[in-house]
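First up is the structure itself, then whatever we jot down about it.
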Amino acid sequence: MRHLPQTITFRARGILTGVLISLTFLGCGPSDEEIADGGDPLAALRVSALSARYDGRFWQAQHRQSPGRFADAVAYCAAESEAGRLDERPNCEPVLMADEFIRNVQRELRAPRLEGRGYTGMLGEDAPEEEAAGTPAEREER
C-alpha cells in the first residue's frame with residue numbers, strides 16, 4: 001500500500017484494501033478438478049468434475065482397507081442417486097459400481113456349491129446331449 005499516491009484518503013485505502021482482499025479470497029478456492037483429484041476421496045464425490053484418481057479399483061480397495069470410508073461413500077452416492085443427481089456427481093458411478101461388484105462377489109461366495117463342469121457350472125442334466133455322458137477325458141478322446 002506504500003506505493004499508493006498520498007491523495008487517497010485513509011477511508012478510501014480501507015475500502016480499496018477490503019475490495020482487494022475480497023477479490024483475492026473469491027478466486028482462491030480449489031477448482032472442482034483440483035478437488036476431484038485431491039487428497040480427499042469423499043470430497044471428490046461432491047464435485048462435478050470427473051476424477052482420474054478415484055476410480056472403481058480405488059473404491060474396491062477402500063472396501064478392504066477403509067470400510068468406514070467406503071460405507072460413507074456408498075451412502076452418499078446412494079442418496080444422490082435417489083435424489084436424481086448422479087449426472088452432477090460423476091465420481092459416484094465408480095463407487096456404486098464397486099459396491100455392486102462386491103455385493104455380487106459376496107453373493108456368489110455364499111451360494112451353495114454344486115458339482116458342475118467347469119466355470120459355466122453346467123450340470124449333467126443341463127449339458128447338451130452329446131456331452132452329458134462320460135468323463136472329460138472320454139469326451140476329449142471322441
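- The distance from the CZ atom of Arg89 to the SG atom of Cys77 is 9.5 Å, given to the nearest 0.5 Å.
- Environment of CD in Gln106: crowded, with over 12 heavy atoms of neighbouring residues, nucleotides or ligands closer than 6.0 Å.
- Rounded to the nearest 0.5 Å, atoms CG (Leu50) and CG (Asp37) are 8.5 Å apart.
- In this structure, Tyr76 and Arg46 have side chains that are in contact, with non-hydrogen atoms separated by less than 4.5 Å.
- Shortest non-hydrogen contact noted between Gly56 and Pro94 is N-CB, 3.6 Å.
- Hydrophobic clustering of Ile, Leu, Val, Met, Phe, Trp and Tyr side chains at less than 4.5 Å, counting indirect connections, unites Val74 with Leu42.
- The backbone N or O of Ala44 lies less than 3.5 Å from a partner atom in the side chain of Asn91, making a donor-acceptor pair.
- If you take CG on Leu96 and CD on Glu80, they are separated by 10.0 Å, rounding to the nearest 0.5 Å.
- Under the 3.5 Å distance criterion, the side-chain polar atoms of Tyr54 are matched with a main-chain donor or acceptor of Gly38.
- You'll find the side chain of Val105 reaches within 4.5 Å of the side chain of Leu109, heavy atoms only.
- A donor-acceptor distance shorter than 3.5 angstrom exists from the side chain of Ser51 to the backbone of Arg53, with no hydrogens or angles considered.
- For Glu93 (side chain) and Pro90 (main-chain N/O), no donor-acceptor pair under 3.5 Å exists by modelled atom type.
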Quick one, Ile102 with Phe70, criterion side-chain contact (heavy atoms from CB on, under 4.5 Å). Give me CA distance, side-chain angles, the key distance, then yes/no.
CA-CA 11 Å; Ile102 290 164; Phe70 182 74; 3.9 Å; yes
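- Going from atom SG of Cys92 over to atom CG of Leu86 covers 6.0 Å, rounded to the nearest 0.5 Å.
- Rounding to the nearest 0.5 Å gives a distance of 10.0 Å between CG of Leu45 and CG of Asp72.
- Applying the side-chain hydrogen bond (donor to acceptor under 3.5 Å, both in side chains) rule to pairs touching residues 55-64 yields Gln62-Arg69, sequence neighbours excluded.
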